[in-house]
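Notes follow once the structure below has been shown.
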Amino acid sequence: MADDKHLLLIDGNSVAFRAFFALHSQINTFVNHNGLHTNAIYAFNTMLDIVLKTFEPSHVLVAFDAGKTTFRTAKFDDYKGQRDKTPSELSEQLPRLRDLLAAYGICSYELVNYEADDIIGTLAQEAAAKGFTVDIVTGDRDLTQLATAAVTVNVTVKGVNQLEAYTPAHVAEKLELTPQQIIDMKGLAGDTSDNYPGVTKVGEKTAIKLLKQFDSVEGIYENLDQLKPSKMKEHLIEDREQAFLSKDLATIRQDAPLTIGLADLVYQGRDVAALRDFYTEMDFNSFLNKLADPATEKARAAIEFQSLTAADVPAILASFTGPVTFYLEMLATNYHTAPFAGFVIGQKGQWYVSTDVDLLKLPAFAKFLADPQQAKLVFDVKRTYVGLDRLGLTLAGTSFDLLLVSYLLNPNDSGNDLGKIAQLHQYREVATDEEVYGKGAKRALPEDLQVLFQHLAQKAQAIEQLQPQLDQQLEENEQDGLFTEMELPLAIVLAQMEIAGIRVDPARLNTLRKNFAERIATLTKKIYAEADEEFNINSSKQLGEILFEKMNLPVIKKTKTGYSTAVGVLEQLKSVAPIASDVLDYRGLTKLQSTYVDGLLKVIHPDDGKIHTTYLQTLTATGRLSSIDPNLQNIPVRDEDGRQIRQAFVPREAGWQIFAADYSQIELRVLAHISHDKNLQAAFSEGADIHASTAMRIFGLASAAEVTPNMRRQAKAVNFGIVYGISDYGLSQNLGITRKQAQAYIDSYFHEYPNVKQYMEDIVTAAKKYGYVETLFHRRRYLPDIHSKNFNLRSFAERTAMNTPIQGSAADIIKVAMLNMQKALQAHELQATMLLQVHDELIFEAPAAEIATLEQLVPQVMDAAVKLEVPMKVGYGSGPTWYDVKKG
DNA sequence: GGCGTCACG
DNA sequence: ACGTACGTGACGCCG
């Protein structure tokens with residue numbers, strides 16, 4: 001039974017703002033037939049449904065800001081002075097939000113001269129005094145100052161559909177302050193987003209420390225004499241007035257002269273007719289559907305399907321005209337070995353299903369699948385291609401892949417469940433696999449075959465229905481070429497590489513295993529002796545206790561859960577404690593043993609003695625591939641012990657060789673290209689050692705001869721930093737220098753490479769303006785956090801804006817190279833086979849007699865993949881095993 | 001299932 | 001002032 005004294009107060013502006021950016025990536029999808037943007041309204045509505053259901057309030061109010069001028073701007077001119085203007089796509093939605101609320105039977109309210117916060121503060125106070133339970137919903141942490149025993153402040157996290165509940169206890173846990181003291185903290189630390197100053201050089205941390213000692217701003221100033229002389233004390237004295245002003249500005253009023261009272265806020269419930277009109281105007285079909293039949297909100301209309309029989313196959317296939325949807329179901333993730341569950345084929349809402357995949361081998365069906373002229377719509381073409389290949393069948397003619405297209409439209413939505421992806425595109429008539437098959441150990445085919453068939457038919461229908469709008473979005477984004485000419489054909493190339501697999505010699509791995517095992521045993525004994533007891537060295541917890549409690553070694557770094565025992569820490573302990581050095585050696589060897597020796601032996605396919613990885617083509621946010629089960633993109637190379645693992649990677653035939661080629665400095669070349677920086681371009685055009693060249697410039701040297709190895713090392717770190725979206729802190733950590741020194745390097749770098757600096761600034765500006773960044777080939781990545789008030793989130797987004805076009809364009813380039821490479825191998829009728837891709841490197845196997853050809857062909861194809869303003873450089877080499885490939 | 005650690009580009 | 005370098009996957013431990 002719902003409480004009859006439960007008040008829900010919503011901070012309209014801040015939640016609308018969060019709602020807007022939560023669906024910012026879909027801003028082009030959420031436009032109604034009148035051209036009005038609707039993303040914020042849509043997300044706000046979703047939030048509203050959730051909070052009404054969660055809190056079951058008896059009274060509700062949504063408070064809005066009345067305008068820019070308030071009593072706060074009267075006290076302080078520049079209050080919120082640095083705020084970006086509200087985007088017009090959002091401000092056009094705000095009036096319509098009031099219409100939505102009216103239809104929901106919810107009161108909207110604003111008050112001249114006051115902010116929404118003050119309305120909320122005043123009503124929360126009044127209601128609590130009258131014995132109400134109060135829940136506040138806001139996107140703004142500042143409101144947590146209102147938390148009391150009766151008042152909970154729920155702050156939106158990750159979009160608007162999740163709330164973090166701030167009770168006084170939760171505030172204490174997070175900040176070690178009472179809600180009241182949040183105001184004092186703001187007084188001292190100021191607030192950049194509201195643009196008031198606080199005390200110079202005092203931030204949250206310092207403020208909290210002071211408040212724990214003196215309780216309040218007033219307390220601090222009454223006890224100033226207790227503070228030892230310091231810069232901070234001087235600042236406190238100097239900025240006294242500002243501190244009290246800032247505290248005043250931060251204080252949410254609880255006595256605003258409201259013209260409404262609690263009695264006006266009784267929640268009446270929705271006016272279904274009004275809502276229907278509103279949703280119709282907004283083109284919110286999914287909400288309309290829910291209105292139509294709220295009781296069966298989750299129930300999906302059953303889709304018709306027919307069981308396919310061998311006798312029907314030829315006639316049914318012959319009856320199709322135009323694109324046909326095909327979907328092959330395998331439940332397990334690893335499709336190289338997964339059992340087949342069934343398939344569905346059809347078009348225009350007519351679906352044919354079967355669990356008998358042998359039907360696919362009928363001549364008519366095999367021909368149909370292999371016909372490049374017969375357009376097919378699928379979900380995950382690579383998976384489908386590999387599955388069919390296992391049945392001895394070929395797939396061609398794919399024109400649409402829901403998974404790939406959805407990924408290109410937004411690579412942040414990296415899931416691979418058809419149902420979930422369909423939902424992202426506002427299509428809800430298909431269940432998720434988890435709903436139908438369950439998850440984890442319980443994942444299994446449904447007992448009732450009809451349930452499976454229904455699910456397959458729903459999937460096929462979803463693919464068919466979503467194809468037109470998604471293809472249209474690709475075109476709007478200028479991504480149709482990226483899909484048709486790059487990702488779609490690449491999926492086939494990747495499938496062929498996975499199917500080819502790479503041969504691994506178990507005998508070599510077993511030899512390594514013995515060698516490693518002996519050395520691990522010796523080290524284990526030695527470590528036990530040094531610790532004077534036996535313990536699990538693999539347990540960071542136990543190791544930490546031994547090193548830092550029993551042996552009393554200095555604690556260098558802590559993690560969330562205890563002492564850090566990471567490489568950097570142990571390296572520093574080496575000089576004082578030999579055990580640290582032994583633990584490092586032990587770690588190195590056990591890593592190799594478990595992940596690589598044992599790990600790889602486990603995944604050698606018993607039939608062909610090869611390892612077949614799976615590339616994830618739709619996972620990374622930048623456009624790179626990833627490799628799983630096993631990961632063949634992180635086979636050790638840097639240290640000799642690990643590198644020997646590569647001796648087990650051998651060609652499939654005696655007398656063949658492994659051949660590999662890699663792009664040299666592709667990311668810096670991409671940067672030189674997109675920034676048009678003449679100095680960086682010159683270094684590449686002259687064929688210089690790029691790190692030495694950077695060293696010369698940032699250290700102001702006259703000749704390459706003056707570059708010491710240490711200078712080159714530091715310059716190399718700067719170059720890496722530049723590509724990652726540089727920060728003085730990151731660089732200082734990496735080089736073990738001060739932030740100041742790191743900043744000096746960065747300044748010097750930007751002085752020498754002015755257009756790189758310009759690029760970094762421009763790309764962040766562009767990300768803010770458009771909400772996304774792009775690669776050379778129009779791959780997109782949305783960066784919603786670029787607008788965040790949270791420094792960390794925003795900084796992360798800014799670095800991502802700088803890095804993604806670089807890393808992503810490099811990924812595009814090698815993808816083009818792979819497409820052209822596969823064609824070239826065919827055209828030259830070579831037996832050579834492309835096996836692996838490791839981000840900037842391609843690995844092949846080939847008869848020894850073809851190596852000379854590859855040495856010409858591979859670099860030439862990789863070089864020609866793209867024409868940049870700087871030359872490409874490709875290194876290559878070959879040998880009897882992967883280990884023996886030394887590139888030059 | 002989250003965390004710490006460490007392998008790769 | 002804040003506290004991280006960008007992108008990944010697999011392993012063992014621990015609750």
Side-chain angles (χ1 to χ4, degrees), chain A residues 185 188-192 198-208 411 414 440 536-544 557 559-570 583-584 587-588 590-596 598-600 602-603 613-616 619-639 642-643 645 662-663 665-667 717-718 720-735 739 742 746 781 789-796 798-808 810-811 814 837-841:
Chain A
M185 182 182 82
L188 295 167
D191 186 320
T192 41
V199 176
T200 310
K201 295 276 178 199
V202 174
E204 272 196 20
K205 289 248 161 120
T206 315
I208 291 170
S414 58
N536 187 343
I537 312 168
N538 294 325
S539 162
S540 303
K541 188 163 166 277
Q542 292 180 36
L543 178 63
K557 208 170 112 194
T559 66
K560 264 187 242 175
T561 50
Y563 310 107
S564 170
T565 63
V567 181
V569 173
L570 296 180
V583 169
L584 279 173
R587 283 243 181 98
T590 51
K591 170 87 179 180
L592 295 177
Q593 192 78 303
S594 64
T595 303
Y596 297 104
D598 295 342
L600 290 174
K602 256 185 270 179
V603 290
T613 186
T614 298
Y615 289 105
L616 299 184
L619 180 127
T620 71
T622 55
R624 275 190 175 182
L625 301 175
S626 91
S627 157
I628 59 165
D629 201 11
N631 182 357
L632 293 184
Q633 291 182 318
N634 71 345
I635 302 302
V637 65
R638 292 170 192 166
D639 298 322
R643 196 176 185 129
I645 300 284
D662 68 356
Y663 284 112
Q665 303 296 349
I666 188 169
E667 294 193 341
V718 172
F720 269 96
I722 291 292
V723 168
Y724 292 156
I726 195 117
S727 75
D728 55 356
Y729 184 85
L731 184 61
S732 73
Q733 289 294 299
N734 191 292
L735 282 177
R739 269 174 73 164
I746 296 167
R781 182 177 185 178
K789 277 170 68 166
N790 179 311
F791 175 88
N792 283 328
L793 291 179
R794 193 177 62 248
S795 303
F796 199 168
E798 287 170 0
R799 291 197 299 274
T800 310
M802 299 182 223
N803 171 264
T804 296
I806 302 172
Q807 187 182 123
I814 196 165
Q837 187 251 44
V838 191
H839 309 306
D840 63 359
E841 177 181 16

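Values reported hereafter were calculated over all heavy atoms of this structure, with side chains retained and with hydrogens, waters and symmetry mates removed.
A sub-4.0 Å separation between OP1 or OP2 of C/dC6 and a side-chain N or O of A/Arg799 is present. Residue A/Gln633 has no polar side-chain atom (N or O) positioned under 4.0 Å from OP1 or OP2 of C/dG7. Between B/dA7 and A/Ser594, no contact under 4.0 Å exists linking OP1 or OP2 to a side-chain N or O. Within the 4.0 Å cut-off from OP1 or OP2 of C/dC14, at least one side-chain nitrogen or oxygen of A/Ser539 is found. The phosphate of C/dC13 has OP1 or OP2 within less than 4.0 Å of a side-chain N or O from A/Asn536. Side-chain nitrogen and oxygen atoms of A/Arg638 include at least one within less than 4.0 Å of the OP1 or OP2 phosphate oxygen of B/dG9. Between A/Thr565 and B/dT5 there is a side-chain polar atom (N or O) within less than 4.0 angstrom of OP1 or OP2. OP1 or OP2 of B/dG4 lies within a sub-4.0 Å distance of a side-chain N or O belonging to A/Thr559.
By the 5.5 angstrom centroid cut-off and the 30-degree plane limit, A/Tyr729 is classified as stacked against the base of C/dT4.
Residue contacts for A/Asn634: at a heavy-atom cut-off of 4.0 Å it reaches a base atom on one of the strands shown. Looking at heavy-atom distances under 4.0 Å, A/Glu841 makes no contact with the nucleic acid at all. Residue-level contact check: A/Arg781 touches the backbone only, with heavy atoms under 4.0 Å from sugar-phosphate atoms and none from bases. Using a 4.0 Å heavy-atom cutoff across all strands shown, A/Ile635 reaches sugar-phosphate atoms only and no base atom. Residue-level contact check: A/Gly721 touches the bases, meaning some heavy atom is under 4.0 Å from a base atom. Among the heavy atoms of the strands lying under 4.0 Å from A/Leu616 are primed sugar atoms or P, OP1, OP2 only; no base atom is included. When heavy atoms are screened at a 4.0 angstrom cut-off, A/Ala621 is found touching the sugar-phosphate backbone but no base atom.
Side chain of A/Phe791, nearest nucleotide from B/dC6, C/dG3, C/dG12: C/dG3. Nearest nucleotide to the side chain of A/Ser540, out of C/dG3, C/dC6, B/dG4: B/dG4. Set against B/dG9, C/dA10, B/dG4, the side chain of A/Asp629 has C/dA10 as its closest nucleotide. Here the nucleotide nearest the side chain of A/Asn734, chosen from B/dA7, C/dA5, B/dC6, is C/dA5. Comparing B/dG9, C/dT4, C/dC14 by their closest approach to the side chain of A/Ser727 singles out C/dT4. Nearest to the side chain of A/Lys201, among C/dA1, B/dG9, B/dC3, sits C/dA1. The A/Ser626 side chain lies nearest to C/dG9 when the options are B/dT5, C/dA5, C/dG9.
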Bracket string, DNA chain C, 5' to 3' - pairs by Watson-Crick or G-U geometry under 3.5 Å, | interstrand: .....|||||||||.

Criterion side-chain contact (heavy atoms from CB on, under 4.5 Å) on A/Ile746 and A/Asp728, from CA distance to verdict: CA-CA 7 Å; A/Ile746 296 167; A/Asp728 55 356; 4.2 Å; yes

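In the model, A/Arg781 has a side-chain atom that pairs as donor or acceptor with a side-chain atom of A/Thr804 under 3.5 Å. Between the side chains of A/Ser564 and A/Thr559, not a single donor N or O lies within less than 3.5 Å of an accepting N or O.
One P atom belongs to C/dT4, the other to B/dC3, and the distance between them is 14 Å to the nearest Å.
On a pure distance criterion of 3.5 Å, no polar donor-acceptor pair joins the side chain of A/Lys560 and the base of B/dC3.
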